[in-house]
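Numbers restart at 1 for each chain; the letters A, B, ... are given by sequence-line order, proteins then strands.
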2 protein chains.
Amino acid sequence: MPKQVNHEERRQIIAEATWELIMKKGIEGTTVRSIAEEANLSLGSLRHYFSSQEELLSYSMELVKERVTERLEKKFAQDMPMDELLVHFFLEIIPLDDQSRLEMTVWFHFIANVQFRHKFEGDDGILQALQQLLPVLEANGRLKPGIDFQEEIETLYALVDGLAIHCLFAPERLTKERIVPIIVKHVNRLLIHPLNSSRFL
Amino acid sequence: MPKQVNHEERRQIIAEATWELIMKKGIEGTTVRSIAEEANLSLGSLRHYFSSQEELLSYSMELVKERVTERLEKKFAQDMPMDELLVHFFLEIIPLDDQSRLEMTVWFHFIANVQFRHKFEGDDGILQALQQLLPVLEANGRLKPGIDFQEEIETLYALVDGLAIHCLFAPERLTKERIVPIIVKHVNRLLIHPLNSSRFL
DNA sequence: TTTTAATTAATACAAACGTACTAAATAAAA
DNA sequence: TTTTATTTAGTACGTTTGTATTAATTAAAA
């Protein structure tokens with residue numbers, strides 16, 4: 001029998017090498033050759049795991065999505081009050097550490113380029129999460145009365161995504177110290193018992 | 001004397017052809033050949049106006065920026081109450097018509113790709129505009145007291161950019177009817193005399 | 001150790017790319 | 001009409017790209 005290599009694990013290593021390359025050189029720099037070099041593999045070796053460049057990039061993009069989803073779901077699983085969880089959830093979306101910066105940068109490049117290779121379908125897992133969270137908050141009696149759910153969700157989503165993008169492109173201006181009070185103040189508009197920013201810094 | 005062609009005008013036509021191509025095929029599809037074809041020019045002819053692809057793309061990006069700035073400044077010049085102007089300014093940022101959709105899409109592709117060719121420097125003309133607008137609103141006695149200017153500017157900017165991006169990628173969900181109330185409600189938090197959404201639809 | 005199938009390495013090739021170069025065409029001035 | 005500088009068109013070259021192919025290497029099973 002031949003040398004055994006964990007196929008799936010190797011595919012992930014190659015995908016991660018692709019991310020690094022996107023960070024360093026952009027999508028234009030991610031040729032099959034440069035990816036192979038980054039992953040310390042030969043061209044033929046790489047082809048054993050991905051039969052085409054398109055398949056590699058698709059997989060690579062899918063893996064970013066998985067990792068981000070994984071990270072967000074982990075936050076959801078934490079045992080804490082719902083209102084607090086909401087803020088932590090938002091902070092998890094904003095690229096404040098190197099790992100999430102990489103993920104968002106790569107994701108940014110993918111959606112800009114991949115939509116012409118395959119049909120791009122909006123993800124909006126975040127939107128779905130918000131649509132689940134707010135009713136729970138209301139059921140727990142933590143929301144002020146008379147809130148337009150759909151409008152508030154759309155507002156929160158836009159605000160957080162806007163902060164995330166600005167944080168990505170101007171991290172020196174939008175630090176965590178600037179972002180947390182903005183989010184907390186905004187969430188507090190909806191809550192009966194306001195939260196304190198200092199808890200999240 | 002030779003045939004006279006308005007050089008600058010022709011350069012703009014070529015740049016606009018480049019935008020169309022970016023919309024249709026993405027940055028990867030914008031080769032010097034395809035641009036020449038889109039602009040009904042020969043390869044050699046195109047080279048007369050841009051000595052390299054990089055120069056063409058730089059110019060093309062610069063022109064988008066100019067057009068957008070032009071559009072926003074035109075809004076600023078309109079004679080209307082400052083609070084009303086603020087909302088119109090925000091609505092101008094959001095890609096609600098074909099022209100601004102094109103501009104934002106093209107801009108999106110450029111910042112994703114150009115940052116690796118040349119050093120990308122954040123523009124933030126919007127941020128500067130907001131930093132000018134709010135003090136004027138206050139001087140006119142239209143703002144509620146006790147507002148944290150820097151924080152509110154950052155919030156408004158993030159919200160509007162977030163709405164703009166969501167509108168770009170999910171225009172069927174984020175219609176003008178959904179966006180206007182969100183912006184007006186948010187601006188009204190700051191104003192002594194609240195505005196009515198219906199004025200902007 | 002020998003066998004064997006999976007893995008790796010190396011090379012080759014057609015297509016597409018940016019760029020360069022040269023001849024033809026153009027239109028305003030003499 | 002002739003002249004002339006500019007614009008246009010066509011072709012060619014060297015690279016780089018994705019993909020294909022083939023031989024060498026590897027390590028688990030016999």
Distance, rounded to the nearest Å, where A:L56 contributes CG and D:dT17 contributes C1': 15 Å
Pair B:H48 and B:H7, ring centroids less than 6.0 Å apart: no
Rounded distance in Å - CZ (B:R33) to P (C:dT19): 10 Å
Parallel, tilted or perpendicular: rings of A:F108 and A:F169 (30°, 60°): perpendicular
Contact residues, residues 35-52 of chain A to DNA chain D [heavy atom, < 4.0 Å]: A:L43, A:R47, A:S52
Partner residues of A:S100 under the side-chain hydrogen bond (donor to acceptor under 3.5 Å, both in side chains) criterion, sequence neighbours left out: A:D97
Between C1' of C:dT19 and CD of B:E55, the distance in whole Å: 14 Å
Listed nucleotide nearest any side-chain atom of B:V32, set D:dG18, C:dT19, D:dT8: C:dT19
Atom-to-atom span, NE2 of B:H7 to C1' of D:dT8 - whole angstrom: 13 Å
Parallel, tilted or perpendicular: rings of A:H88 and A:F200 (30°, 60°): perpendicular
Passing option when A:F90 is tested against A:L159, A:L130, A:I179 for side chain to side chain contact (heavy atoms under 4.5 Å, CB included): A:L130
Nearest-angstrom distance from the residue atom NZ of A:K25 to C1' of D:dT16: 15 Å
Rounded interatomic separation in angstrom, taking CZ from B:R11 and C1' from D:dT7: 15 Å
Pairs where residues 130-142 of chain B contributes a residue and the test side chain to side chain donor-acceptor pair (under 3.5 Å) is met, not counting sequence neighbours: B:D83-B:R142
Closest nucleotide among D:dT8, C:dG18, C:dT8 to the B:R10 side chain: D:dT8
